[in-house]
Protein chains: 2
Amino acid sequence: MGITKTDVFTEHHNKMAAVLKALAHPARIAIVEYLLSVDACICGDIVNELPLAQPTVSQHLKELKSAGIIKGSIEGKSICYCVDESAINELMQYFQTINQKLNIKKCC
Amino acid sequence: MGITKTDVFTEHHNKMAAVLKALAHPARIAIVEYLLSVDACICGDIVNELPLAQPTVSQHLKELKSAGIIKGSIEGKSICYCVDESAINELMQYFQTINQKLNIKKCC
DNA sequence: TTTCAATATCGTAATATTGCAATATGAAAA
DNA sequence: TTTTCATATTGCAATATTACGATATTGAAA
């Protein structure tokens, strides 16, 4: 069907899946890592950095933004995108928690 | 197109995207969290735990397994699935690294 | 060996995603 | 005001994903 039955899962499960989904594309991973690697926050050249057409990049940026992973502020003619700290923090803590639980278990 | 242009991205970007994609579904998040919550490693009842049909669950398990997030060993008639520590560890470290870089930057 | 229980695979319908050309928008420069 | 540059939106084709009924498969019990 292609449609995810979100209504039968908890809000937490749906939210986690949505955030991870926003990152689950090589272009979007590349965008996040590029934003981290650039000194300044001048981010208009993401399009030049990526091997994709401008509309495609714009679409990926939109997805990252609506998932809360990046934020963009208008800077005159161009836009300044950067990674949202709190989103990354939540992801980090999520996997840290799982990691701890695994250390306790040691099953297989 | 629906087809991701993996050939134009680095192997690292593709790999990260693939692992995250495997987790980017509420059912698969639910499976991982269920495996963590269960004391023993008797995991045949994932199907009963999830509000999805058996073939659907089986498909999700397959995706998690082929992404290296869970591993399954045959236990007589049923199968024992559990979360793979090293996969979670890598994800944890990935977000820890990003988090550190963000602390240094403090841009927007 | 037959049967049963647990899981996997196949086939397929409905929907989502990806990518881009064409086009629109919006702000600054000329 | 016109032009130009940066970015967003629209529309659409190709492909991927999700879900499940039907049907294998496989090992254990009877």
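Naming: A, B, ... by sequence-line order, numbering from 1 per chain.
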B:I79 CD1 to C:dA6 P, in whole Å, measures 12 Å
Rounded to whole Å, the CG-P distance (A:N48 to D:dA6) equals 9 Å
Separation between OG1 (A:T10) and NZ (A:K15), nearest 0.5 Å, reads 11.5 Å
Would you please classify the geometry between the B:H25 ring and the B:H60 ring as parallel, tilted or perpendicular, with 30° and 60° separating the classes? tilted
Whole-Å distance, B:I46 CD1 to C:dA8 P, equals 9 Å
B:H25 NE2 to C:dT15 P, in whole Å, measures 15 Å
For a quick check of understanding: with a heavy-atom distance under 4.0 Å over all strands, which category does B:K21 fall into, base, sugar-phosphate or nothing? sugar-phosphate
Assert: residue with more 5' nearest nucleotide on DNA chain C, out of A:I3 and B:T56, is B:T56
Rounded to whole Å, the CD-P distance (A:E75 to C:dA28) equals 11 Å
B:K77 NZ to C:dT7 P, in whole Å, measures 10 Å
Between A:V47 and B:A53, the residue closer to the 5' end of DNA chain D by nearest nucleotide is A:V47
dist A:K21:NZ -> A:N14:CG (nearest 0.5 Å) comes out at 10.0 Å
Between the base of C:dA8 and the side chain of B:Q54, is there a donor and acceptor pair under 3.5 angstrom? yes
B:H60 side-chain N/O to D:dT17 phosphate OP1/OP2 under 4.0 Å
no
_Please determine whether a side-chain nitrogen or oxygen atom of A:K62 lies at a distance below 4.0 Å from atom OP1 or OP2 of D:dT7._
no
B:M92 and A:F95 have their tightest heavy-atom pair at CA-CB, 3.8 Å
* Looking at every strand, decide which applies to B:I74 at a 4.0 Å heavy-atom threshold: base, sugar-phosphate, or nothing. => nothing
Atom OH of A:Y81 and atom C1' of D:dA8 are separated, to the nearest Å, by 9 Å
Sorted by position of nearest nucleotide on DNA chain D, 5' first, the leading residue of A:P55 and A:F9 is A:P55
**Q.** Sugar-phosphate, base or nothing in reach of A:T4, heavy atoms under 4.0 Å
**A.** sugar-phosphate
DNA chain C nearest-nucleotide lookup for B:Q59 and B:S78: closer to the 5′ end is B:S78
note: A:L23, atom CG; C:dT17, atom P; distance rounded to Å ~ 15 Å
side-chain contact (heavy atoms from CB on, under 4.5 Å) test vs B:Y81 passes for just one of B:V38, B:I31, B:L61, namely B:L61
